[in-house]
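Handing you a structure now.
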Amino acid sequence: MTERSENSGNSNNSDKSYLLAAMHGLLGLGAVIGGFMLILDPSGKLLNMPVSLLERSPFSDFLIPGMILLLVLGLFPIVICMALLRRIHWTLVEKLNLYPKRYWAWTFSLYTSYALLIWIIVQLYIIQTVSLIHLFYFAWGLGIQMVTLLSDIQRRYSI
């Protein structure tokens with residue numbers, strides 16, 4: 001990975017890009033903490049989550065869900081946060097960018113929002129109940145999508 005500088009004369013545009021980066025950073029931080037706690041104690045007791053929540057899932061404990069949470073919704077959003085702020089060149093992920101006229105972190109911002117929405121929908125399907133935290137993170141995923149798709153943000157991350 002290498003760093004590229006990026007100049008933007010639009011303060012409002014910059015504010016929105018900081019908002020998007022912060023949304024990824026906060027999502028990542030929470031998921032790293034939650035994922036690490038599930039890996040540390042796969043029984044779910046550290047998070048007050050009974051293993052019975054997994055009855056309709058292919059998992060007998062929270063180890064694999066914790067690993068997925070840590071990596072997909074934890075570490076990767078933190079990388080995206082840094083990349084949105086610093087314009088990091090990363091050849092491997094650039095090859096996975098479905099929008100070649102956009103900076104890869106912009107595209108992966110959308111990917112992350114989809115991953116978060118799918119994560120919540122799968123949780124709801126498995127546990128067959130909705131809680132406030134599900135609604136919060138579903139809204140967070142939609143929020144990431146909306147901010148990513150703002151025209152100012154799209155312009156800022158155009159190549």
For the pair Ser109 (side chain) and Ala105 (backbone), establish whether a donor and an acceptor sit closer than 3.5 Å, ignoring hydrogens and angles.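 Not confirmed, Ser109 side chain does not pair with Ala105 backbone.
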So, for Lys16 and Asp152, which heavy atoms are closest and what is the spacing to 0.1 Å?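 Shortest heavy-atom separation between Lys16 and Asp152 comes out as NZ-OD2, 2.8 Å.
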Between Leu110 and Leu149, is a side-chain contact (heavy atoms from CB on, under 4.5 Å) present by the stated rule, with each step listed? CA-CA 8 Å; Leu110 285 177; Leu149 293 171; 4.1 Å; yes
Given side chains that start at C-beta, do those of Pro50 and Leu53 come closer than 4.5 Å, heavy atoms only?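 In contact.
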Would you say Met146 and Tyr114 are hydrophobically clustered, going by side-chain heavy atoms of ILVMFWY under 4.5 Å?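 No; tracing contacts between hydrophobic side chains, which count when under 4.5 Å, never links both residues.
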Does some side-chain heavy atom of Trp140 sit less than 4.5 Å from a side-chain heavy atom of Leu26?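 The answer is yes, as the side chains (C-beta and beyond) meet within the 4.5 Å cut-off.
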Any heavy-atom pair between the side chains of Glu55 and Ile127 that's under 4.5 Å?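 Side chain of Ile127 against side chain of Glu55, heavy atoms only: no contact under 4.5 Å found.
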Counting distance only, does the side-chain N/O of His24 pair as donor-acceptor with the main-chain N or O of Ala21 below 3.5 Å?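 Checking the backbone N and O of Ala21 against the side chain of His24, no donor-acceptor pair under 3.5 Å is found.
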Quick one: CZ on Phe36 to CG on Leu69, what's the gap to the nearest 0.5 Å?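 Spacing of CZ (Phe36) from CG (Leu69) equals 13.0 Å.
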Student check: side-chain heavy atoms of Leu75 and Val79 closer than 4.5 Å: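 The answer is no, as the side chains (C-beta and beyond) never meet within the 4.5 Å cut-off.
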Ile80 side, atom CD1; Trp104 side, atom CH2 - distance, nearest 0.5 Å: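 Going from CD1 on Ile80 over to CH2 on Trp104, the span is 6.5 Å.
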Hey, does Leu63 have a side-chain heavy atom less than 4.5 Å from the side chain of Met67?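 Yes, at least one pair of side-chain atoms sits under 4.5 Å.
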Should Asp15 and Leu19 be marked as a side-chain contact (heavy atoms from CB on, under 4.5 Å) after you check the CA-CA gap, both sets of side-chain angles, and the distance that decides it? CA-CA 6 Å; Asp15 292 345; Leu19 171 62; over 6 Å; no
Quick one: pull up OG in Ser57 and CD1 in Ile64 and give me the separation to the nearest 0.5 Å.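 Output value for this atom pair is 11.0 Å.
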Residues, nucleotides or ligands: over 12 heavy atoms within 6.0 Å of Phe136 CZ: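 Yes, enclosed.
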Could you measure the distance from the CG atom of Leu124 to the CH2 atom of Trp119? Nearest 0.5 Å is fine.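 One gets 12.0 Å once the value is rounded to the nearest 0.5 Å.
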Aromatic contact, Phe108 with Tyr111 (centres under 6.0 Å):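 Yes: the rings meet the under 6.0 Å criterion.
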Could you walk me through whether Tyr137 and Leu73 pass the side-chain contact (heavy atoms from CB on, under 4.5 Å) check? CA-CA 11 Å; Tyr137 278 106; Leu73 295 173; over 6 Å; no
Is there a side-chain contact between Ser17 and Ile153 in this structure, where contact means two heavy atoms from C-beta onward sitting under 4.5 Å apart?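 Yes, side chains in contact.
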Counting only heavy atoms from other residues, nucleotides and ligands, does the tally under 6.0 Å from CE of Met49 exceed 12?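 Buried by this count: over 12 neighbours within 6.0 Å.
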Any chance the side chains of Gln154 and Arg102 put a donor and an acceptor closer than 3.5 Å?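 There is such a pair between these side chains.
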Could you tell me if Arg87 sits above the aromatic ring of Tyr103, with its cationic atom closer than 6.0 Å to the ring centre and no more than 45 degrees from the axis?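 Judged by the rule (NZ or CZ under 6.0 Å from the ring centre, within 45° of its axis), Arg87 counts as positioned above Tyr103.
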Hey, could you give me the CG/OG1 distance between Asn97 and Thr107, rounded to the nearest 0.5 Å?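 The CG atom of Asn97 sits 3.5 Å away from the OG1 atom of Thr107.
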Supply the atom-to-atom distance Leu47 CG to Phe62 CZ, rounded to the nearest 0.5 angstrom.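 Reported value, rounded in 0.5 Å steps: 8.5 Å.
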Phe76 and Trp90 aromatic ring geometry - parallel, tilted or perpendicular at 30°/60° bounds: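 The rings of Trp90 and Phe76 sit tilted, inter-plane angle from 30° to 60°.
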So His134 and Ile120, side-chain contact (heavy atoms from CB on, under 4.5 Å) or not? Walk me through it. CA-CA 6 Å; His134 294 116; Ile120 296 301; 4.2 Å; yes
